[in-house]
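What follows is a single structure, written as structure tokens, with notes after it.
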Amino acid sequence: MPVREQTAPLNFYRRGRTPIFASRMDQRFSWCCYVPSGYDPGGEKVHPLAVLVHGSLRDADILRDEFIDFAEEQQCVLLAPLFPAGIDDPEDLHNYKHVIYHGIRYDLILLDMIEELAARYRVHGDKVLMHGFSGGAQFVHRFLYLHPRRLRAVSIGAPGTVTLPDDSASWWVGVKGMEEIFGQRFDVEAMRHVAIQLVIGDADIETWDVTVGSKSPFWMNGINDSGDTRVERLHTLEKRLKDIGVVPHFDTVPGVSHDGSGIQLPVKAFFSAILAGKN
């Protein structure tokens, strides 16, 4: 008997764990998502959206998969952008972490990915949850400074370098000149309406990938003044945020070093509390 050709149901690859899609804005970049099982294409429910920003290893699909349990429990759609290394410079590993690189505005690319997703799925794309670990945390706390009105909550996990909310220090040590660079003013009042989590393992004390050397293209005066370790730098960020009336929630995970999966339990708990209206 002839083999009967089978075709996948309509939109099969846009439910659950999706493939990686090229960004419509700039096809050098891409994204994948997870659509929970309770999503009804013909329904009316609008689902929360959580954006998960990878670290230096660019393991966007792995990071997405690690949050599937949260997505199913909260019926939350996940979006994981992929910002490849080596854009323009084959040796570069950091590009997106500083939001702007060689004229590329990574914040605007991500915002368009959110809009692209919101055009296809019923999600709350106007205000999202956002988490980043390590290099991803560098990006998300700088995104917070630029676009607080697009965030319902942000979880900042163990960034290697921090930009302090200091208008006497130039971007990206502080926020001086931010409006000239990005066309976005530093809006403290809007930041006060964003739920902020700072999270790190208490054993995250290695310095080899934290200290910015004087010959680094990212060297600036004062860049290492926030502390020697990620733990110290995150506490400095906490203090400086409190100084401007922005009060973050600080979670320390015992026995965890620089391990993104090791800090995810409090991240999921934080986001779940936000969605339940408890924070």
Side-chain angles (χ1 to χ4, degrees), residues 53-58 83-110 130 132-148 151 154-188 190-191 194 196 198-200 204-244 246 248 250 258:
V53 184
H54 60 67
S56 298
L57 290 177
R58 273 70 176 182
F83 301 129
I87 300 293
D88 283 352
D89 176 1
E91 300 303 317
D92 177 70
L93 294 172
H94 303 291
N95 50 47
Y96 73 104
K97 301 174 189 178
H98 305 109
V99 183
I100 187 168
Y101 172 81
H102 288 202
I104 302 168
R105 286 284 302 273
Y106 285 85
D107 59 328
L108 300 184
I109 291 169
L110 178 56
M130 188 175 293
F133 171 74
S134 193
Q138 290 193 47
F139 174 86
V140 302
H141 86 282
R142 293 169 183 136
F143 186 96
L144 165 66
Y145 294 163
L146 290 163
H147 305 286
L151 294 170
V154 62
S155 171
I156 302 163
T161 62
V162 293
T163 295
L164 299 177
D166 179 356
D167 59 10
S168 68
S170 296
W171 183 270
W172 51 276
V173 172
V175 296
K176 181 180 178 181
M178 192 181 88
E179 187 168 1
E180 289 76 13
I181 296 169
F182 297 100
Q184 299 287 137
R185 69 182 182 89
F186 187 64
D187 190 343
V188 176
M191 286 176 57
V194 181
I196 301 171
L198 308 178
V199 58
I200 196 166
D204 196 347
I205 55 174
E206 294 292 338
T207 61
W208 67 271
D209 197 30
V210 173
T211 304
V212 180
S214 59
K215 295 183 179 180
S216 167
F218 304 110
W219 165 260
M220 292 180 67
N221 286 329
I223 193 55
N224 296 311
D225 291 354
S226 54
D228 293 332
T229 68
R230 288 183 174 90
V231 173
E232 292 175 2
R233 293 182 179 194
L234 202 58
H235 276 297
T236 299
L237 179 60
E238 176 192 28
K239 179 182 183 303
R240 300 299 290 275
L241 287 171
K242 287 180 176 179
D243 287 345
I244 62 169
V246 177
F250 202 107
H258 198 56

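Being a predicted model, the structure only gives us computed values, none of them experimental.
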*Would you say Met191 and Leu144 make side-chain contact, with heavy atoms under 4.5 Å?*
yes
*With side chains defined as the heavy atoms from C-beta onward, is the minimum distance between Phe186 and Ile244 less than 4.5 Å?*
yes
*From Ser134 OG over to Ile200 CD1, what is the distance, rounded to the nearest 0.5 angstrom?*
9.5 Å
*Just by modelled atom types, is the Leu93 backbone N or O under 3.5 Å from a matching donor or acceptor in the Arg58 side chain?*
yes
*Would you check if Val246 and Val188 make a side-chain contact, meaning some heavy-atom pair closer than 4.5 Å?*
yes
*Can you find a pair of side-chain heavy atoms, one from Phe83 and one from Ile109, that are under 4.5 Å apart?*
yes
_Point-to-point distance, once rounded to the nearest 0.5 Å, from OG1 of Thr161 to NE2 of His141_ = 6.5 Å
*Can you name the residues that form a ring pair (Phe, Tyr, Trp, His ring centres under 6.0 Å) with Phe133, not counting sequence neighbours?*
His258
*Is there any salt bridge (Lys or Arg N to Asp or Glu O under 4.0 Å) pair reaching into residues 92-101, and which pairs are they, with sequence neighbours excluded?*
none
*Minimum side-chain heavy-atom gap Asn224-Trp219 below 4.5 Å*: yes
_Determine whether a donor-acceptor pair (N or O, by modelled atom type, separation under 3.5 Å) exists between the side chain of Asp228 and the backbone of Val210._
no
*Go through the steps to decide whether Gln184 and Asp107 satisfy the test side chain to side chain contact (heavy atoms under 4.5 Å, CB included), and finish with yes or no.*
CA-CA 11 Å; Gln184 299 287 137; Asp107 59 328; 5.5 Å; no
*Begin from the C-alpha positions of Leu164 and Leu237 and carry the test side chain to side chain contact (heavy atoms under 4.5 Å, CB included) through to its verdict.*
CA-CA 6 Å; Leu164 299 177; Leu237 179 60; 4.2 Å; yes
*asked:* The test is side chain to side chain contact (heavy atoms under 4.5 Å, CB included); show your working for Arg230 and Asp209 and say whether it passes.
replied: CA-CA 10 Å; Arg230 288 183 174 90; Asp209 197 30; 3.8 Å; yes
*Would you confirm whether the ring centroid of Phe182 sits within less than 6.0 angstrom of the ring centroid of His147?*
no
*Validation row: Val53, Tyr96 side chains within 4.5 angstrom (heavy atoms)*: yes
*Could you tell me whether the side chain of Ile223 reaches within less than 4.5 Å of the side chain of Phe218, counting heavy atoms only?*
no
*Gap between atom CG of Leu234 and atom CG of Asp204 - 0.5 Å precision*: 9.5 Å
_Determine whether His94 and Tyr101 satisfy the following criterion, ring pair (Phe, Tyr, Trp, His ring centres under 6.0 Å), listing intermediate values before the conclusion._
CA-CA 9 Å; His94 303 291; Tyr101 172 81; 9.4 Å; no
*Below 4.5 Å, heavy atoms only, C-beta onward: do Thr163 and Trp171 meet side chain to side chain?*
yes
*Neighbour count >12 (heavy atoms, 6.0 Å) for atom CD1, Ile100*: yes
_Check whether Arg233 reaches the backbone of Gly227 with its side chain - one donor and one acceptor, N or O, closer than 3.5 Å._
yes
